[in-house]
2 protein chains.
Amino acid sequence: MNVKQIAKLSGVSAPTVSRVLNNHPDVREATRQRVLAVMQQTNYQPNAAARSLAAGQTRVVGLMVRKETDTIFNEADFSRLLLGISSACNPHDRSVMLWLVEPEYEQRMLQKITAGGLVDGVIVSTMRFTDPLIDALQASQIPFIQIGRHAGGVQASYVDIENLNGAREAVMHLLRLGRRRIATITGPLNLISSRDRRDGYLAALTERKTPIQAALIIEGDYSENGGYRAMQLLLPHQPDAVFVANDRMAMGALRFLIETGRRVPEDVALIGFDDLSFAAQTMPSLTTVRQPMMQAGALAAEMLMELIENPASPPKRIVLPTELVIRHSCGFRTR
Amino acid sequence: MNVKQIAKLSGVSAPTVSRVLNNHPDVREATRQRVLAVMQQTNYQPNAAARSLAAGQTRVVGLMVRKETDTIFNEADFSRLLLGISSACNPHDRSVMLWLVEPEYEQRMLQKITAGGLVDGVIVSTMRFTDPLIDALQASQIPFIQIGRHAGGVQASYVDIENLNGAREAVMHLLRLGRRRIATITGPLNLISSRDRRDGYLAALTERKTPIQAALIIEGDYSENGGYRAMQLLLPHQPDAVFVANDRMAMGALRFLIETGRRVPEDVALIGFDDLSFAAQTMPSLTTVRQPMMQAGALAAEMLMELIENPASPPKRIVLPTELVIRHSCGFRTR
DNA sequence: CTGAAAGCGCTTACAG
DNA sequence: CTGAAAGCGCTTACAG
C-alpha cells in the first residue's frame, strides 16, 4: 500500500492523497472523505522514511543523555524525565529517539544526528557544567533544548531546576528550627547542580548572618558510601544539622550517625535532595527536596517542538521550583 | 553534502560512494581511500531518511513499554532495561526509539510502526499476561522480541526472568532457616510475573511437603500501601515469615510490622523481590531477589538485531537466573 | 571493479 | 480544488 494505490482506489492523484494525509485545507470535503474511507479500508499508513525524506521533517525528537558515572546517574530522575518527554510527544504524534551517550560513540552519534533525516531536534541532558556535547550541538545548527544550564550556551534554551533556591530553603528551614552549626555535604563540584546546591546553602547562611565555616563544607561524590565517609569527617566539627546534596549520600550519612550512636534528628538533623522513593521509608524518614523532573521533561519537549516549528524563535529559559518535603529527619515540625 | 557531490569530488559515481559507505567489498582499495578521504574532509554523513527509504532498513530498534499503573511501573527496572538495550545497540550503530504505550495512542503507534520506515523491529515490554499489543505485533509480521513470556505467543521470542525459581529459592531459604508458617503477598495476578512468583512460593512449599494454606496467600497490588494492608490481613494468621512479591510491598509490610511492635526478623521474617536501591537501607535491611534487567535488555537487543538480519531464524527463549541477596530481614545467616 | 538508469514512497511548487 | 512533473538523497540490479 502506497499513495499511488490509494490514489487509484480513490480516483484521485497522489498529491491529493498527500494533501489529505497532511490535513491540507485545500481539498474538497467530498474528496477528502472518499480518500479517508479508502485509507481506512486498506488500513493504510504512510511510510515514515519516505515522508521524512520528502518533507525534510522526521517528526522524531531526540534525547541525548550522558550516562556519567553510576553514582551520579539517578534512575528515578532519568525515568521521570523520559516519562515527561514521552507523554508530551504522544499527543503531537511525535516519537522519541533515545541515545545514551558513551564517550566511545559520542562522535558518531553527533554526526548521525547532524547529518539529518533522523530527528528534527534534540533534548540534551548532561550534568557537566562544560560539555563538548553542548558545544557540538550549538555548532550544528540543529534545534536543541538543554536540561539544566551549561557554560557558554548564550543562545541556548533550557529547562532548569531551582537547585539553588531549593537548597537555600532547606537550610533556611534548619535555621528556623534553631540549628546553628549547619554543615553540608556537596556533590562533585564539576557538576552545575552541585554548585547550585552549595551556593544555596551559602546563601541561606549569609542571609541569616550565620558564620560560614570551611570545615563544615565537604565535597562528596553522590554515592551512599561517599555520604558515609563525609559524615565521618564532619562529625568531629560537631554539626547540629547537615544539608546533604542528594538522598543517596544522606542515606550514607544517616547510616554513619546511627552506627556511632547519634540520634537523628535530636543530635544531628538531616535534609537530603531528590526525594527518591526510599526517602519516605528510612528511620527516621528523610526530609528532602523534590525536583519536578517529569514536568521538566514535558516542558523541554514542548519547547523543542515549538523551536522546531519556528527555528527563529528566541531562546527560552525556564527554571522550575522545587518542593521541600518535610519528614522527620530535620527535627519534625509542621513549618 | 550528498552522495552526488561526494562522487564528483572523488571523481567516481554515486553508486561507488554508496558502496564505500556500506563497506561493499567490490571496490578497488585506491578508490575506497579516495572517497573516504573526501568524506572525511567534507565531514559527510549520509541522510538517514534517504538511506532508510532506499535500503528498506532504518537501523533503528523500537522499544514499546506499556506504562501500566504507577505502582507496577518500576523505575529502576525500566532504567536498567533501557540501559541494557542502549548499550547493546551502540556498538552496532543502531539507534533506539522509545514509545511509552498509553491506551489512547496505542493504535496509532502500532500503525506507524507496522507501516514501516520507522524501525526495523521492536522490543516489547508489558507485564500483562494477555496483551493486545503482543497480538498486534504478532499479526504485523514485524520482527519483535518480548520481555517476559505472554499468552499465545507460540512463535515469539522472549527474554524472561526466572521469576518462579527466584521466588522458589527465596522461600526455600526461609524453610531452611526453620520457618514453618510462611505466607506470601503476591502481585496482581493478571500479571504473569506475579503468577510465576506465587507459583515459585507454592513449589517450594510442595517440595518440602509443607502444607499450603489459603489464608497465608494474599493478593496485593505492588504498592507500598498494598503491602501494609496485606500484612494487616495476614497477621491474625500468625505467619512466621512472608515472601513478598516486590520490594515496595515489602516496605509496607515492614512498616506495619514495626508499627504493631513485631520484631523483624525474630517474629516475622521478610523477603522481597527486585532489590531496589532502598532495600539495602531499611532497618533491618531487606533480603530480596535481584533480577538482571540490564542483561535482559542487552540480550533482547542482540536477539532482535539477529532476527532483523535473519527473519527466518527460529524463535528463541531465554530465561535469566535471579540472585537471592541475603540481608537481615530473613533472619540473617550466611547460607 | 564501476557507472547509467531506475526506483524507494512520499511532498512540493507550478499550472490550470 | 486538483494533477503532471520533478525532486528529496540514497541503493539496487544490470550491464559492461
Side-chain angles (χ1 to χ4, degrees), chain A residues 1-36 38-39 42-60 93 95 111-120 309, chain B residues 1-36 38-39 42-60 93 95 111-120 309:
Chain A
M1 269 306 140
N2 57 28
V3 276
K4 223 182 254 177
Q5 299 187 51
I6 298 295
K8 183 180 288 181
L9 288 172
S10 324
V12 298
S13 71
T16 296
V17 173
S18 174
R19 286 185 197 103
V20 171
L21 228 31
N22 295 291
N23 285 315
H24 197 96
D26 293 349
V27 180
R28 214 199 318 165
E29 192 50 31
T31 312
R32 180 190 304 283
Q33 292 307 333
R34 198 145 30 95
V35 175
L36 244 24
V38 172
M39 297 202 301
T42 56
N43 201 19
Y44 169 74
Q45 280 291 118
N47 177 286
R51 238 180 159 177
S52 299
L53 179 59
Q57 264 231 34
T58 62
R59 300 200 66 77
V60 177
D93 199 16
S95 301
Q111 287 183 322
K112 279 201 304 198
I113 291 166
T114 55
L118 206 49
V119 296
D120 296 329
E309 311 273 292
Chain B
M1 267 305 142
N2 56 28
V3 277
K4 223 183 253 180
Q5 298 187 50
I6 298 294
K8 183 181 286 182
L9 288 173
S10 326
V12 298
S13 71
T16 297
V17 173
S18 173
R19 285 184 197 105
V20 172
L21 228 32
N22 294 292
N23 288 314
H24 197 96
D26 293 349
V27 181
R28 213 200 316 165
E29 193 50 31
T31 313
R32 178 188 306 281
Q33 290 308 331
R34 200 144 30 93
V35 175
L36 244 25
V38 172
M39 297 202 304
T42 56
N43 201 20
Y44 168 76
Q45 281 289 119
N47 177 286
R51 239 181 159 174
S52 298
L53 179 59
Q57 263 231 31
T58 62
R59 301 198 66 76
V60 176
D93 198 15
S95 301
Q111 286 182 322
K112 281 202 305 196
I113 292 166
T114 55
L118 207 50
V119 296
D120 297 329
E309 312 271 293

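None of these values were measured; they are calculated from a predicted model.
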All N/O donor-acceptor pairs, side-chain side in residues 1-12 of chain A, below 3.5 Å, sequence neighbours left out:
| residue | atom | partner | partner atom | Å |
| --- | --- | --- | --- | --- |
| A:N2 | OD1 | A:K4 | N | 3.2 |
| A:N2 | OD1 | A:Q5 | N | 3.0 |
| A:S10 | OG | A:I6 | O | 2.5 |

message = By the 4.0 Å heavy-atom rule, please label B:N2 as base, sugar-phosphate, or nothing.
response = sugar-phosphate
remark   = Per-residue pairing states of DNA chain C in dot-bracket (Watson-Crick or G-U under 3.5 Å; . unpaired, | other strand) read |||.||||||||.|||
task = Answer whether the closest heavy-atom distance between the side chains of A:V35 and A:R19 falls below 4.5 Å.
result = no
ask   = Across the strands shown, which category fits B:P46 at heavy-atom distances under 4.0 angstrom: base, sugar-phosphate, nothing?
value = sugar-phosphate
message = Testing the basics here: between A:P46 and B:A115, what is the closest heavy-atom pair and its distance to 0.1 Å?
response = O-CB, 3.7 Å
key: Distance-minimising heavy-atom pair for A:N43 and B:Q111   = OD1-NE2, 3.0 Å
query = Nearest heavy-atom pair of A:R32 and A:N23: which atoms, and what distance?
reply = NH1-CA, 4.2 Å
task = Could you tell me whether the side chain of B:S18 and the main chain of B:A14 form a donor-acceptor pair under 3.5 Å?
result = no
ask   = Hey, does B:V17 reach any base, or is it just sugar-phosphate, or nothing, if we go heavy atoms under 4.0 Å?
value = nothing
request  = Tell me what B:T31 touches on the nucleic acid: a base, only sugar-phosphate, or nothing, going by heavy atoms under 4.0 Å.
outcome  = sugar-phosphate
query = First and last nucleotide of DNA chain D touching chain A, 5' to 3', heavy-atom cut-off 4.0 Å?
reply = D:dC1 to D:dG9
message = Mind checking if B:N47 touches a base, just sugar-phosphate, or nothing, with heavy atoms under 4.0 Å?
response = sugar-phosphate
Considering all heavy atoms, the nearest A:R59-A:D93 contact = NE-O, 3.8 Å
ask   = If you measure from OG1 on B:T31 to CZ on B:R34, what distance do you get to the nearest 0.5 Å?
value = 5.0 Å
message = Return whichever of B:L53 or B:V27 has its heavy-atom-nearest nucleotide of DNA chain C closer to the 5' end.
response = B:V27
